[in-house]
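What follows is one structure encoded as structure tokens, with my remarks underneath.
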Amino acid sequence: MCKDCGCSFTGHNHQHEHTHVDEFGREYTHVHDHEHDAGEHAHDGGHHHHDHGEHSHAHQAAHETLHHNPQLNDTKTIAVIKKILDKNDQEAYHNREHFNEHGVLAINLMSSPGSGKTTLLEKMAPLAPFKYGVIEGDLETSRDADRLIAVGVEAVQIQTGSACHLDAFMVHKGLHDLRLAPLDVCFIENVGNLVCPASYDVGSHLNIVLVSVPEGEDKIAKYPVMFRSADLILITKTDLLPYFKYDIEREKAEARKIKPGVDILEVNMNDDESVKKVIDWIEFKRKMRS
């Protein structure tokens, strides 16, 4: 159950856990199941993988903010939410294993609707030195995936129906339809929403959050959980700055109050040099990982 909207998935097992640090310096707690009937799933070739898991930073943030919502401030509700997030984190760890096995850097793209996630992925197609594919998340239609396929990017559409975010299970389903072997990077373009996606680890290595100039100056301050989860913040549609009241330096300062040291880039999708700065950041992270 999403702590904000009620989106849910089922299943939970008894677990024990241990912690390690990944190549990006992030600390993860792996949760091992003792009960596998609901936690096993078959893959090609008929073999089974047992669920593993971890508590993501977004997961922890979700728990930390539970008490702010009086409707969720009871022990039974908190217990259910914890079970659901734990189960999601198990599948997220499993997804990350798939990416790691293929040497693929996985990046979760998050923003409100219309900030430019799909446009960025389109513009990168002729410029990026790495090969990438995309798992697309939208409530309905395959329009974004179709746009990417039209410019030569392999893309798989996930339609979430009423769910306002992707979860690790949806992404895992997408991985069965996306060829990882030829890829260097896999982008997970999340559903347009500045709330729920931040609470769900989908198995990515990095999070990029976009916020556009036309959205106004208050989005970073209003949605701190989202921006706290970011490894890179893109302030997009900067070509529109002359037409909006938007203090971009103040917004950068606001972001760094929420997450000190976070990387921030200004992006004009109509300027190739601007898009190349995003590509360079990703390529640096990719080479650092390998």
Side-chain angles (χ1 to χ4, degrees), residues 20 22-24 26 28 30 39-54 56 88-110 117-118 120-138 142-160 166-191 197 200-208 231-232 275-276 278-290:
H20 80 100
D22 72 3
E23 65 271 26
F24 292 104
R26 290 179 166 182
Y28 291 118
H30 295 261
E40 291 183 336
H41 43 280
H43 292 263
D44 294 339
H47 64 284
H48 286 75
H49 290 287
H50 298 287
D51 285 340
H52 298 279
E54 65 191 40
S56 65
N88 181 79
D89 286 351
Q90 294 170 34
E91 192 72 358
Y93 173 71
H94 186 55
N95 290 347
R96 210 163 356 255
E97 283 186 319
H98 280 305
F99 291 125
N100 291 340
E101 286 168 6
H102 290 86
V104 173
L105 176 65
I107 300 175
N108 188 12
L109 289 181
M110 298 180 285
K117 297 187 298 297
T118 309
L120 175 65
L121 294 172
E122 283 180 314
K123 296 289 186 178
M124 286 173 52
L127 303 173
F130 47 80
K131 184 172 178 60
Y132 63 92
V134 181
I135 296 174
E136 275 286 347
D138 280 302
S142 61
R143 292 177 183 177
D144 286 353
D146 293 342
R147 285 170 57 183
L148 296 172
I149 292 169
V151 295
V153 176
E154 186 169 353
V156 174
Q157 184 74 50
I158 301 294
Q159 294 180 2
T160 66
L166 290 173
D167 62 38
F169 292 91
M170 297 177 193
V171 171
H172 184 84
K173 181 181 177 182
L175 289 177
H176 284 287
D177 298 319
L178 186 70
R179 298 175 304 144
L180 289 179
L183 301 182
D184 301 306
V185 177
C186 178
F187 291 100
I188 300 161
E189 185 178 342
N190 223 307
V191 178
Y200 282 79
D201 184 359
V202 293
S204 62
H205 298 105
L206 298 168
N207 295 325
I208 296 179
D231 296 288
L232 173 66
V275 175
K276 284 179 182 176
V278 182
I279 292 171
D280 289 344
W281 185 92
I282 295 168
E283 181 69 354
F284 173 78
K285 294 293 184 180
R286 189 177 75 83
K287 288 181 177 179
M288 182 177 73
R289 179 172 177 269
S290 60

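Along the sequence shown, residues are numbered consecutively beginning with 1.
Between the Asn95 side chain and the Ala168 main chain, a donor and an acceptor come within less than 3.5 Å of each other. Not one N or O on the side chain of Asp201 forms a donor-acceptor pair closer than 3.5 Å with the backbone of Asp89.
Of all the heavy atoms in Ala106 and Gly203, the pair that sits closest is CB-O, 4.1 Å. In terms of heavy-atom proximity, Asp167 sits nearest to Tyr200 at CB-CD2, 3.9 Å. Annotation for Leu105 and Ile282: closest pair CD2-O, 4.1 Å, computed over non-hydrogen atoms.
Within the 4.5 Å cutoff, no side-chain heavy atoms of Lys123 are placed close to those of Val151.
Legend: residues meeting salt bridge (Lys or Arg N to Asp or Glu O under 4.0 Å) with Lys276, ordered by chain and number and at least two apart, are Glu273. Judged as a salt bridge (Lys or Arg N to Asp or Glu O under 4.0 Å), and not counting sequence neighbours, Asp138 has no contacts.
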Given His102 and His98, is the ring pair (Phe, Tyr, Trp, His ring centres under 6.0 Å) satisfied, shown in steps?
CA-CA 7 Å; His102 290 86; His98 280 305; 7.2 Å; no

Should Arg143 and Asp146 be marked as a salt bridge (charged side-chain N to carboxylate O under 4.0 Å, His left out) after you check the CA-CA gap, both sets of side-chain angles, and the distance that decides it?
CA-CA 5 Å; Arg143 292 177 183 177; Asp146 293 342; over 6 Å; no

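Under the side-chain contact (heavy atoms from CB on, under 4.5 Å) rule, Asn207 has a single partner from Leu232, Leu109, Asn108, which is Asn108.
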Considering only distance and modelled atom types, tabulate donor-acceptor pairs under 3.5 Å from the side chains of residues 179-189, sequence neighbours left out.
unit_1: Arg179; atom_1: NE; unit_2: Glu154; atom_2: OE1; d: 3.4
unit_1: Arg179; atom_1: NE; unit_2: Glu154; atom_2: OE2; d: 3.4
unit_1: Arg179; atom_1: NH2; unit_2: Glu154; atom_2: OE1; d: 3.1
unit_1: Asp184; atom_1: OD2; unit_2: Lys131; atom_2: N; d: 2.8
unit_1: Glu189; atom_1: OE1; unit_2: Thr118; atom_2: OG1; d: 3.1
unit_1: Glu189; atom_1: OE2; unit_2: Thr118; atom_2: N; d: 3.4
unit_1: Glu189; atom_1: OE2; unit_2: Thr118; atom_2: OG1; d: 2.6

